Amino acid sequence: MKSMGEEKKEEVVSEALKAEERLRSKWFILTPEGEMKPVEEFDFTGYEKLRKFAEYEMRKSRVVEREPPHTALMRSLELADYEPASDPGNLRYYPKGRLIKSLLEEYVTQRVVEYGGMEVETPIMYDMNHPTLAKYLHRFPARQYIVESDKDRYFLRFAACFGQFLMAHDATISYRNLPLRIYELTRYSFRREQRGELVGLRRLRAFTMPDVHALCRDLEEVKGEFRRRFLLSMSVLEGIGLSREDVELGVRVTEDFFKEHREFVTSLVQLFGRPALVEMWSERFFYFVLKWELNFVDALDKASALSTDQIDVENAERYGIKYMDEDGREKYPIILHCSPSGAIERDIYALLEKAYMEMEAGRPPMLPIWLSPTQVRLIPVSSAYVDFAEEVAGRLEGRPVRVDIDDREETVPRKIRDAEKEWIPYIIVLGEREIGRDRFPVRDRRRGEIREMSLEELAEEIEEASKGRPFKPLPLPKRLQRRPKFVG
RNA sequence: GCCCCGGUAGCUCAGUGGCAGAGCGGCAGCCUUGUAAGCUGUUGAUCGCGGGUUCGAAUCCCGCCCGGGGCUCCA
């Protein structure tokens, strides 16, 4: 670093980035029925979010002067924060944020493994001069972090492709092994995005991305696999707490591929069930011929890609990834690149923005119950009932339920208010009236009412809402008095 | 990376050339609390960092760092 005086280092700008500058696209809306119209001719009535997404992508309207709501929320809920001592876009996660991120990571991994992904782990940095990698760098529209070590230069990975492809290159693969699904949850992927692009949890320089590749034998196999992964991705988003209505489908395709496989592209839109935005390229600038993304449109009408999958027709050859076919000949597979959830941080961003939009609509903002750091808050009316609260907590703790106790010397209204500000889904006030009883007055945030419930009923309701999702215990001490304040 | 705006107590912010402030939080005491903020006291600031102008700088100038917005881009 200290010899950087005269020899000013030229920035490594990938050819793909340069290519994008001269890229000209045509924009269409494709309906599930297979009708395709130029965007200008489509009637967006009833498709407000799609209109916003299309406008965002084609960048006609952009009048945002406001900070996105999720940045204040990520801090006030003590989930994540900026870390001034790091490079911008590298965040810190507080215990509650780490819990949520960790649950999401585990959930996505679980779903990918069910789908057939083989989980691996690969290095985060690679030799700039590696001949194969150097070429790939130029086919990906991203900027890199560079790490110097002695005289060598390494770049930090921006996806899991490198490690997995190098692994696949060395593997002996038979047609019987296809489709071959390799998975890694990258913590982290690094992209040195431009300074002004970075914002909160939406766009980072270090992010966690599940990345599952599938090596396929031919286009026929690709089509089946691609559809399967599309369904998986929609299902994963729904499991996270982002419904079909929360996202818009974007399809990017080369003109040639679309002409030959229009029916296949339409079938994806059919699976989605609503019209999709299609960007068509006259030539192939990147390594893929077809790509889709599920995009979240936030409170400021900005669109961000979450799930995505791509059909890569270049990299098998570039990396020398081959399989032995039935006829005894070595062939190059077609590679699919999929992130079923998109970046985990971006999922949290979407959940927070969604909660904010709920709040604007007059409903209580919430996180999905399975992700709420505290699911049940017990509030003893005075210090005399803290032991009683412990006993009640004990009855819930055998269940997969995160329960804590506000043992602070505060008034009940105050403790209620603080619990509500934390978006805690269930609150139970405990005093003389509850002793010896089977049913408790449970303050239900979603319904906005107090329900008489047994602990068994409450635990079942939480379990039901968390079904199929992983569980982790409280990320903080059970008693509030023992907790530090991380923000404010 | 470039352009615009901002950075004052742990947090949110007022102060725009002349003694660094408020609310919240923290701490202490009182109160022993019943479904969204109980009362009193107290603590707390290298005014982002470095340099300059000035009798005097949070305030004016320069550079840097960090944040927000835009260009652009994506998971």
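Residue numbers begin at 1 in each chain, while the letters A, B, ... track the order of the sequences. Since the model is a prediction, treat every value here as computed from it, not as a measurement.
- Of the candidates B:rG67, B:rG34, B:rG70, B:rG34 carries the atom nearest the A:V381 side chain, counting heavy atoms from C-beta on.
- With 3.5 Å as the limit, one finds a donor-acceptor pair spanning the side chains of A:T122 and A:E184.
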Begin with the C-alpha distance, continue with both residues' side-chain angles, and end with the deciding distance and a verdict on side chain to side chain contact (heavy atoms under 4.5 Å, CB included) for A:I29 and A:L50.
CA-CA 9 Å; A:I29 298 293; A:L50 180 61; 4.1 Å; yes
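- Near RNA chain B, meaning a heavy atom under 4.0 Å away, the residues from residues 340-349 of chain A are A:G342, A:A343, A:R346.
- Each of A:D87 and A:E420 was matched to the nucleotide of RNA chain B holding its nearest heavy atom; the match closer to the 5' end belongs to A:E420.
- In a base pair of the Watson-Crick type (N1 to N3 plus N6-O4 or O6-N4) or a G-U wobble (N1-O2 and O6-N3), with each distance short of 3.5 Å, B:rC2 is matched with B:rG70.
- For A:R417, counting side-chain heavy atoms from C-beta on, the closest listed nucleotide (B:rG25, B:rA37, B:rU33) is B:rA37.
- Every pair passing ring pair (Phe, Tyr, Trp, His ring centres under 6.0 Å) that includes a residue from residues 76-111 of chain A is listed here, sequence neighbours excluded: A:Y94-A:F486, A:Y107-A:W370.
- Across the C1' atoms, B:rA37 and B:rG21 are found 23 Å apart, a figure rounded to whole Å.
- Using a distance-only test at 3.5 Å, with no hydrogens or angles considered, no donor-acceptor pair links the side chain of A:E83 to the main chain of A:R92.
- Looking at heavy-atom distances under 4.0 Å, A:S339 makes no contact with the nucleic acid at all.
- One P atom belongs to B:rA58, the other to B:rC49, and the distance between them is 11 Å to the nearest Å.
- Ranking B:rU33, B:rA36, B:rU72 by closeness to the A:Q194 side chain, first place goes to B:rU72.
- Among the heavy atoms of the strands lying under 4.0 Å from A:L198 are primed sugar atoms or P, OP1, OP2 only; no base atom is included.
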When you compare the protein's N or O atoms with those of nucleotides 38-49 of chain B, which come within less than 3.5 Å of each other, and at what distance?
residue	atom	partner	partner atom	Å
B:rG38	OP2	A:T411	OG1	3.1

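- For B:rU16, the glycosidic angle deviates from 0 by 90° or less, giving a syn base.
- Side-chain nitrogen and oxygen atoms of A:K415 include none within less than 4.0 Å of the OP1 or OP2 phosphate oxygen of B:rU32.
- Remark: P of B:rC73 and CZ of A:F207 are 17 Å apart, rounded to the nearest angstrom.
- Comparing B:rU72 with B:rC65, their P atoms sit 24 Å apart, to the nearest whole Å.
- Between the OH atom of A:Y82 and the P atom of B:rG68 there is a distance of 3 Å, given to the nearest Å.
- A close approach under 4.0 Å does occur between a side-chain nitrogen or oxygen of A:R443 and OP1 or OP2 of B:rA36.
- No side-chain N or O of A:Y154 forms a donor-acceptor pair with one of A:Q144 less than 3.5 Å apart.
- Relative to the side chain of A:P68, the nucleotides B:rG69, B:rG1, B:rC74 differ in distance, and B:rG69 lies closest.
- Here A:Y356 contributes atom OH and A:L73 contributes atom CG; the two are 8.5 Å apart, rounded to the nearest 0.5 Å.
- Rounded to an integer number of Å, the gap from A:L480 CG to B:rG26 P is 11 Å.
- Across all strands shown, A:R408 has no heavy atoms under 4.0 Å from either base or sugar-phosphate atoms.
- Using C1' as the reference atom, B:rA22 and B:rC60 are 27 Å apart when rounded to the nearest Å.
- Between A:Y145 and A:D87, the side chains place a donor N or O and an acceptor N or O closer than 3.5 Å (distance only, hydrogens not considered).
- Heavy atoms of A:E83 sit nowhere under 4.0 angstrom from any nucleic acid atom.
- Distance check on atom C1': B:rG25 versus B:rC62 gives 37 Å, rounded to whole Å.
- Taking the side chain as every heavy atom from C-beta outward, A:R443 and A:V429 never approach each other to under 4.5 Å.
- Put simply, A:R75 has a side-chain N or O that comes within less than 4.0 Å of OP1 or OP2 on B:rU12.
- Counting any heavy atom pair closer than 4.0 Å across all strands shown, A:G448 reaches no nucleic acid atom.
- Between B:rG50 and B:rC66, the distance separating the two C1' atoms is 15 Å to the nearest Å.
- In this structure, CD1 of A:I427 is placed 12 Å from P of B:rA37, rounded to the nearest angstrom.
- B:rC61 and B:rU53 have their C1' atoms separated by 7 Å, given to the nearest Å.
- The nucleotide whose nearest atom lies closest to any side-chain atom of A:E57 is, among B:rA36, B:rC74, B:rG26, B:rC74.
- Nucleotide B:rC74 holds its P atom 16 Å from the CZ atom of A:R205, rounded to whole Å.
- For the residue pair A:Y115 and A:R229, a side-chain donor N or O sits within less than 3.5 Å of a side-chain acceptor on the partner.
- Defined by atom type and a distance below 3.5 Å, a donor-acceptor pair is missing between the side-chain atoms of A:E434 and A:Y385.
- Using N1 to N3 plus N6-O4 or O6-N4 for Watson-Crick, or N1-O2 and O6-N3 for G-U wobble, each under 3.5 Å, B:rG21 pairs with B:rC13.
- Atom NZ in A:K291 sits roughly 7 Å away from atom C1' in B:rC74 (whole-Å rounding).
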For a ring-ring contact (aromatic ring centres under 6.0 Å, His included) check, start with the C-alpha distance between A:F155 and A:F162, then their side-chain angles and the critical distance, and finish with the verdict.
CA-CA 11 Å; A:F155 66 93; A:F162 313 100; 5.1 Å; yes
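- Taking only distance into account, the side chain of A:E197 never meets the base of B:rG69 through a donor-acceptor pair shorter than 3.5 Å.
- For the residue pair A:Q310/A:D312, the side-chain donor-acceptor check at 3.5 Å is not satisfied.
- When rounded to the nearest whole Å, the span between CZ of A:F440 and P of B:rU35 equals 18 Å.
- When rounded to the nearest whole Å, the span between NZ of A:K421 and P of B:rU12 equals 13 Å.
- For B:rA57 and B:rG44, the C1' atoms lie 24 Å apart once the distance is rounded to whole Å.
- Residue-to-nucleotide contacts include a donor-acceptor pair under 3.5 Å from the side chain of A:R203 to the base of B:rC73.
- Contacts of A:A350 with the nucleic acid, taken as non-hydrogen atoms under 4.0 Å apart, are absent.
- A:T186 and A:R157 share no side-chain donor-acceptor pair at under 3.5 Å.
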